[in-house]
Structure formats: C-alpha cells, structure tokens
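Structure record follows, encoded as structure tokens.
Below, chain A is the first sequence line, B the second, and so on; all start at residue 1.
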There are 2 protein chains.
Amino acid sequence: MDQTLRAVADPTRRAILRLVRDGEVAAGDIAREFPAMSRPAVSQHLKVLADAGLVEVRPDGNRRLYRLNPEGLREVAGFLDEMWTDGLARLKAAAEREEWPERARARKQSHPTADKETTP
Amino acid sequence: MDQTLRAVADPTRRAILRLVRDGEVAAGDIAREFPAMSRPAVSQHLKVLADAGLVEVRPDGNRRLYRLNPEGLREVAGFLDEMWTDGLARLKAAAEREEWPERARARKQSHPTADKETTP
DNA sequence: CCATCATGTAAGCACTATCTTACATAGATG
DNA sequence: CATCTATGTAAGATAGTGCTTACATGATGG
C-alpha cells in the first residue's frame, strides 16, 4: 500500500497513468508526452509504476507497451472507502448528535469547554 | 491533490487518520499510540495532515483535539474513480475491441499495435 | 555482420522528508 | 504568582526522491 500511494503521489506518474488508461502505449510515446524532462526520467517513473503494480508491461519487438492495471489500486480504494464513506458517516452521526465523541480518555474537565465553539 | 496524496502516502499518518476517524482525539493521546517515535515527530505528522486538509483541529483548554476531515479526500476519491471504475471499463472495452492482444501473436506488424488507436 | 532504434540502467547531484533533541508558549492548578 | 502540563517549533543529522548525462542491451533492417 505504501508503495502504491507513494507511486501515485507524483503528478508525472499520475499523468502517465492517465495516458495508459485507455490502452497500451509504448515507452517512447509516453516519454514524448513530457518534453520538459528526459526520457530516462520517464523510464524511471515507469519502473516505479510497474514495481507498484499499477501498470503492466508487454514487450512488442523493439518496444515495450505499457497499460494500466486497475487492480493495483484495489488497496487504495479500500482505504479510501474506509475513510471516506465510513469516516464521513461516523463523524456526521457524531456531529448531528451534537456531541463529539471524546470519551477515549476521560478527563476531569470541570466545565463543558467542549461544546463552546463547535458551531462553525 | 499532490499534498493530499503525499500526506496519505505514509503509514504513520494513515494510522493517525484511523485514530481520528471516529471522533476527536487529543494530540498527546495520538502520540501515545506511537511509542516507537518521539512526540514531536507525531506533532509534525499532524501538521502535515492539517495542512493537507485531512484533519481539523480544535483547541480545548490545554489540549488540541484532532478529528478526520473526510472532505480532504474528495479529490483522491475522484482520481481513484477515474482510474478504477473508468479505467477498468475502458481497458475492458479496448480488449474486446481487439486492440488488446491477449491471444494475438503480434509479430512485426509495423503499426496496428498501439499508436493512434487510443480514441481521444 | 553492422548500424540504428527503442529502451533500460548506472553514477552523481540537488532538493525534500522524516526523524531526533532542545527550546518556547499557552492554559491549568495550587 | 509559581509551576506543571500539553503542545508546537527550531535546528540539524540522515535517508530518500527525482532529475541529468553517459553507457549497455536487445531487436530491426539493409
């Protein structure tokens, strides 16, 4: 999961993923889409993506064709759902109850300082 | 988006997000969950998460209570959907359109491999 | 064969991230 | 007030990323 997220946390690599999202693209064609950086740099990005399982490679004669492997994002999707859907539901429920659950470690707290500024 | 993904691409910070997913937790209580690292380190992680908009803070007397902000993940959710759902569908369609050679012994075939078939 | 094309790899350098320890500050408490 | 508690910030050491240029390798085509 770390490897996957670190791979995706780079704008160039996300752009590459979008390039290979619709079908196979040769390494050179990918590199040509990034005139601002050298071809080896793109090649290294492709290696990172491949090591993370986000793309798959297939040799075709001289060239190497890359394509997206959506399965590589499964873990990330799971984590996101865990945070997004579930987390949002839980926080929303807590908020609408107008009491923030802060009971993990009960504090002495003589006065209700907690409900003083919770209204945005 | 970069900031968000970089923030999430760290196991400690993801663990913190899980801690504050269900309600508010004080900084010290969070730090106490990571005996392997110093408290300032956790504090810095919290800053990264706050700067990325993934958590929100609220002062409560002496302490600072952190809670998840699921909205911070909206962009990531969008990107993931773009790659996951859409990407999977497109690759599948491309495969059924015969562009994706799972069985074709593509030999030299100067062009029809992958060049302009990407249908923008 | 030999030259060329497409691609990956190695070495090196600048910049960034993530820790640590030491210090600063704001609120609570006697 | 004096002091303790909870927390953030500063400075620095170390490791990691992301580029570049130079080189290596395997397939193509005369």
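Remark: C1' of C/dT25 and CZ of B/R63 are 18 Å apart, rounded to the nearest angstrom. The interatomic distance linking B/R58 (CZ) with D/dA6 (P) rounds to 17 Å, in whole Å. Taking atom CD1 on B/I30 and atom P on D/dA6, their separation rounds to 14 Å, with Å as the unit. Between the CG atom of A/L49 and the C1' atom of C/dG8 there is a distance of 15 Å, given to the nearest Å. Taking atom CG of residue B/D10 and atom P of nucleotide D/dG16, one finds them 13 Å apart after rounding to whole Å. To the nearest angstrom, P of C/dT18 lies 13 Å from CG of B/D51. If you measure from atom CD1 of A/I16 to atom C1' of D/dC19, you get 14 Å, rounded to the nearest angstrom. Look at CG on B/L46: it is 17 Å from P on C/dA17, rounded to the nearest Å.
For B/P40, whose side chain is taken as the heavy atoms from C-beta onward, the closest listed nucleotide among C/dT21, C/dT18, D/dG18 is C/dT21. Here D/dT9 is the nucleotide among D/dT7, D/dT9, C/dT20 with the atom lying nearest to any side-chain atom of B/K47. Distance from the side chain of A/N62 is smallest for C/dC5 among the nucleotides C/dC5, C/dT20, C/dA11.
At C/dG8, one or more side-chain N or O atoms of A/Y66 fall inside 4.0 Å of OP1 or OP2 (strictly under the cut-off). Contact between the side-chain N/O atoms of B/S43 and the OP1/OP2 oxygens of D/dT7 is not found at any separation under 4.0 Å. The side chain of B/S38 contributes an N or O atom lying less than 4.0 Å from OP1 or OP2 of C/dT20. For the pair B/H45 and C/dC19, the criterion of a side-chain N or O lying under 4.0 Å from OP1 or OP2 is met. Within the structure, a side-chain polar atom (N or O) of A/R6 is placed less than 4.0 Å from OP1 or OP2 of D/dT17. OP1 or OP2 of D/dG18 sits under 4.0 Å from a side-chain N or O of A/R13.
Between A/R39 and A/Q44, the residue anchored nearer the 5' end of DNA chain D, judged by the nucleotide with its closest heavy atom, is A/Q44. Each of B/A41 and A/R64 was matched to the nucleotide of DNA chain C holding its nearest heavy atom; the match closer to the 5' end belongs to A/R64.
Looking only at side-chain heavy atoms (C-beta outward), A/V76 and A/L5 come within less than 4.5 Å of each other. Residues A/W84 and B/L73 have side chains in contact (heavy-atom distance under 4.5 Å, counting atoms from C-beta outward). Annotation: side chain of B/L68 is not in contact with side chain of B/R18 (no heavy-atom distance under 4.5 Å).
B/A26 comes within 4.0 angstrom of the backbone, heavy atoms only, and of no base. If you check every strand for non-hydrogen atoms under 4.0 Å, A/A36 touches sugar and phosphate atoms only.
Under the 4.5 Å side-chain heavy-atom criterion for Ile, Leu, Val, Met, Phe, Trp and Tyr, A/F79 and B/L49 are members of the same hydrophobic cluster.
We find the CZ-CD distance between B/R67 and B/E56 to be 5.0 Å, quoted to the nearest 0.5 Å.
A donor-acceptor pair under 3.5 Å links the side-chain atoms of B/D10 to the main chain of B/R13, judged by distance alone.
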